[in-house]
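A short worksheet on the structure shown next.
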Amino acid sequence: MAAHCLFFTQTEEDWLPFSCDIPLLMAGGLRGKERERTNLLKQCLLCRVAGVQSHQAWKTNPLGDVGLNVLLKTEDPRTQNGSLMARPNKTADMSVFSEVTQAAPVAVFKLTQDFSNDQFPSKVNLGVGAYRTDEGQPWVLPVVKKVEKIIVHDDRLNHEYLPILGLPEFRSSASKIALGDDSPAIQENRVGAVQCLGGTGALKMGAEFLRRFYNGNNNTKTPVYVSAPTWENHNAIFANAGFEDVRAYKYWDTEKRGLDLAGFLGDLESCPEHSIFVLHACAHNPTGIDPTQEQWKMIAEIMMRRNLFVFFDSAYQGFASGSLDKDAWAVRYFVSLGFEMFCAQSFSKNFGLYNERVGNLTVVARDADNLKRILSQMEKIVRTTWSNPPSQGARVVAITLNSPELFTEWKDNVKTMADRVLLMRAQLKAKIQALGTPGTWDHITEQIGMFSFTGLNPKQVEYMVKEKHIYLMASGRINMCGLTTKNIDYVAESIHDAVTKVQ
Amino acid sequence: SWWGGVQMGPPDPILGVSEAFKKDSSPKKMNLGVGAYRDDQGKPFVLSCVRKAEALIAAKQLDKEYLPIGGLGEFTKACAQLALGADNDVLKSGRNITVQTISGTGSLRIGANFLSRFHGGPRDVYLPKPSWGNHTPIFRDAGMQLKAYRYYDPSTCGFDFKGALEDISKIPEQSVIMLHACAHNPTGVDPKPEQWKEISDIVKKRNLLVFFDMAYQGFASGDIDRDAWAVRYFIEQGHNILLSQSFAKNMGLYGERVGGFTVVCNDADEAKRVESQLKILIRPIYSNPPMNGARIAAAILNTPDLRSLWLEEVHGMANRIIKMREQLVAGLKKEGSSHNWQHVIDQIGMFCFTGLKPEQVERLTKEFSVYMTKDGRISMAGVSSGNVGYLAQAIHAVTK
């Protein structure tokens with residue numbers, strides 16, 4: 001497969017450079033020094049002209065040759081009338097930052113902006129990355145409202161610093177959620193945790209620790225494998241932590257619209273020993289395809305045999321199936337096999353605490369002594385990054401998890417969210433099938449979690465956006481939470497039209 | 001195990017003091033370690049303006065959607081205005097970019113990462129000697145190197161002005177120089193305005209990039225404008241500074257992690273470009289910042305009567321500290337100490353560099369259960385009218 005330039009990353013929430021899928025073959029049009037430089041930097045011409053930061057090239061292309069066409073059509077500032085825009089000529093200037101170039105805006109942010117500006121009354125936003133009610137509104141969980149009232153009225157509470165590793169009651173209850181109350185590893189005192197800023201922060205801490213201490217000291221050459229595709233920030237997190245070799249493992253099978261198991265297992269067998277693998281605990285983002293239990297067993301067997309490092313990313317526990325235990329099956333299975341591993345947990349979605357940045361890095365060590373030393377080094381890393389974590393969100397979670405009634409109420413709230421998503425999946429599939437839309441649509445209900453890879457191609461996506469005012473990612477990914485009983489018919493009909501009219 | 005070679009990390013010197021203090025069972029124990037304000041009963045102080053702001057916010061029933069990567073707009077705007085003054089030309093022309101950060105540490109770290117990636121000059125960051133202990137590892141982890149310029153004069157327990165100017169005049173061009181805006185941590189020694197002017201001149205001559213750390217605005221003198229004087233003067237003099245702000249102390253929002261990082265640029269266009277790159281730095285660390293503290297700070301800064309209440313309370317905290325300094329010196333005189341303790345009164349802000357040596361500090365801890373950092377730094381916030389006498393006794397005992 002052709003190597004692609006991956007200088008930018010897409011994000012659901014904000015303004016970041018676009019995922020540049022321009023094949024490096026573009027450099028074939030260049031001569032001499034320019035061509036040499038492009039090949040050396042593994043950076044496409046467009047990105048280099050735009051003055052973008054150096055980054056790793058991907059070896060596989062999960063999205064197909066989407067990039068160029070989409071870029072040219074979405075009025076990417078790097079292109080003007082189809083031709084490349086040169087970097088503006090800077091005269092000598094006093095500023096030390098005159099060489100800092102503008103990072104291009106991300107298509108997803110543009111998507112959200114375009115949605116906001118769109119006057120079409122029936123417009124639908126399926127790019128949003130957060131839960132929405134059936135009225136299309138954000139939802140602060142009732143249990144969270146209750147607990148926040150408790151906190152505000154408790155005069156004994158203040159705003160003092162938390163310990164470096166975070167609120168103890170939060171850390172232990174959060175780890176219990178992931179590993180189970182009766183986890184032998186917890187009973188054996190070999191499970192610890194670091195409270196972090198969201199799932200991102202937990203991944204960051206884990207990555208920083210691994211870079212310093214895994215597989216030798218300051219080992220930046222150990223390959224880190226992330227799924228193809230994956231949450232785009234995985235790449236940047238590990239690259240910024242210093243890892244020089246972030247690669248993709250096969251995961252999404254475009255034709256099958258399912259898991260490329262053979263490819264995945266093949267990568268596990270052929271990768272260098274000790275490679276680090278970032279595994280999605282459940283509700284894979286962005287595909288919604290999770291391995292079955294049998295498939296997880298095969299994955300675990302190879303990882304154990306080949307000494308690969310297990311790093312789970314658990315951002316949707318409870319949110320995927322509605323059951324905390326069911327969604328944690330894979331994590332708990334791996335723990336039961338005796339892996340020393342990390343699990344980055346996010347409480348953004350399952351607690352709806354997005355902006356409070358509540359995360360937890362659960363560390364499963366071989367024994368208590370190892371755990372102690374690991375946590376002491378984690379403290380040093382935390383200290384130079386944010387000193388100690390924010391207290392509000394962790395308090396909410398800790399109070400909830402440690403009270404039987406509130407815990408039950410929370411599980412109920414989580415089930416409400418998960419059930420609504422499942423309902424939308426079922427209804428969308430049923431309506432699409434009822435319309436006689438060509439193709440198979442089982443993947444809509446087979447996929448799990450917030451996202452679904454519809455399988456719509458870029459032209460069809462463009463049609464949806466421009467003709468139907470339904471906003472979704474160029475990859476065909478939709479956020480099920482954007483669907484409501486009011487708009488689902490319109491969306492189903494639009495998908496039908498897109499598939500039948502646009503090839 | 002993968003981790004057999006992982007050594008036990010040394011305890012953090014500053015936060016470690018609090019932990020040792022907690023374990024001590026002596027009824028007379030004093031925690032003069034970490035810089036968190038205490039009232040005269042030795043209790044943490046939640047500002048009334050904070051409580052009022054929280055009630056206001058709770059009533060609004062706001063959602064919990066992700067903030068933008070750069071943080072809450074009402075907060076970052078007010079944060080910049082607080083530091084620079086609302087009528088500052090920089091703000092009017094839009095040539096600053098201010099992002100919300102994870103308090104002061106997070107701000108410094110983003111700044112350090114930004115320098116590491118984009119600063120074309122030398123890798124060296126010049127810190128005053130001494131500086132906050134965490135400055136060094138923050139810059140180092142970000143890939144910068146640390147050097148120092150003379151700052152504290154142990155013989156006077158004051159500012160080594162001559163030494164500072166000499167050292168600064170030798171710093172290679174385009175290097176980064178870190179300046180504490182007010183209430184220098186750990187010494188409490190600040191340059192006087194005339195001295196700041198000379199520092200600005202020499203820094204300009206050497207073409208150095210200035211990075212201000214302002215963690216105590218309002219807390220030092222009790223007056224927010226007075227405490228920001230150096231920052232504003234430097235900007236006026238044409239330095240395009242980097243600035244870290246913390247609201248941990250001056251709003252008592254410690255654990256909510258509220259801070260700001262500002263880059264003053266040549267023009268609005270450059271500011272936009274810098275902003276885009278800051279977001280790229282922030283995203284792989286924590287995606288976007290926490291809401292709670294920023295909402296509180298924004299409400300306080302942007303609501304007139306909350307803001308006046310805040311200014312009063314900050315003034316109150318600063319005054320209590322100043323009073324404790326005076327009482328400590330009076331107490332030492334009363335004990336019969338023959339040493340000159342004037343520096344305790346001359347120094348400003350939360351901390352006091354007592355001049356005590358490590359052996360004396362150890363005795364204070366072991367024999368009197370008085371906890372402080374080994375460099376002789378005490379947090380005046382931990383001193384109250386109830387224990388200042390005991391502290392004077394203890395210090396006299398180990399220094400006579």
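Below, chains carry the letters A, B, ... as their sequence lines are ordered, and counting in each starts from 1.
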Side-chain donor-acceptor contacts of residues 135-150 of chain A below 3.5 Å, not counting sequence neighbours, with atom names and distances?
from     : atom 1 : to       : atom 2 : distance (Å)
A:Lys146 : NZ     : A:Glu409 : OE1    : 2.7
A:Glu148 : OE2    : B:Lys64  : NZ     : 2.9

Which atoms of [X] approach chain A - backbone, side chain, both or neither, heavy atom under 4.5 Å:
X	answer
B:Val258	neither
B:Leu108	neither
B:Ala112	neither
B:Arg51	side chain
B:Asp141	side chain

Do [X] side-chain atoms and [Y] backbone N/O form a donor-acceptor pair below 3.5 Å?
X	Y	answer
B:Thr101	B:Gly259	yes
B:Gln7	A:Arg373	no
A:Arg383	A:Ile164	no
B:Glu275	B:Ala271	no

Exercise. With chain B, which of A:Gly393, A:Cys196, A:Pro389 has the greatest number of heavy-atom pairs at distances under 4.5 Å?
Worked result: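 Of the candidates given, the most pairs with chain B belong to A:Pro389.
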Problem set entry | Leading residue by heavy atom contact count with chain B [cutoff under 4.5 Å; candidates A:Val152, A:Ile381, A:Ile374] |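 Among the listed options, the one with the most contacts to chain B is A:Ile374.
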For [X], which atoms come within 4.5 Å of any heavy atom of chain B: side chain, backbone, both, or neither?
X	result
A:Asn307	both
A:Leu210	side chain
A:Leu157	backbone
A:Phe209	side chain
A:Asp369	neither
A:Asn370	side chain
A:Pro163	neither

Once you measure the plane-to-plane angle for [X] and [Y], does it fall in the parallel (<30°), tilted (30-60°) or perpendicular (>60°) bin?
X	Y	value
B:His135	B:Trp132	perpendicular
B:Phe211	B:Phe139	perpendicular
A:Phe311	A:Phe309	perpendicular

Exercise. Hey, would you say the B:Trp310 and B:Phe247 ring centroids sit under 6.0 Å apart?
Worked result: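 Here the rings of B:Phe247 and B:Trp310 have centres that are no less than 6.0 Å from each other.
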For this session: Run the ring-centre check on A:Phe347 versus A:Tyr354 and record whether the distance is less than 6.0 Å.
Result: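 So the answer is no for these two rings.
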Exercise. Do you know which of B:Arg109, B:Arg257, B:Glu54 has the most heavy-atom pairs with chain A at a distance under 4.5 angstrom?
Worked result: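 Top count of heavy-atom pairs under 4.5 Å with chain A: B:Arg257.
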Problem set entry | Residue among B:Ile102, B:Asp63, B:Ile285 with most heavy-atom pairs under 4.5 Å to chain A |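 Top count of heavy-atom pairs under 4.5 Å with chain A: B:Ile285.
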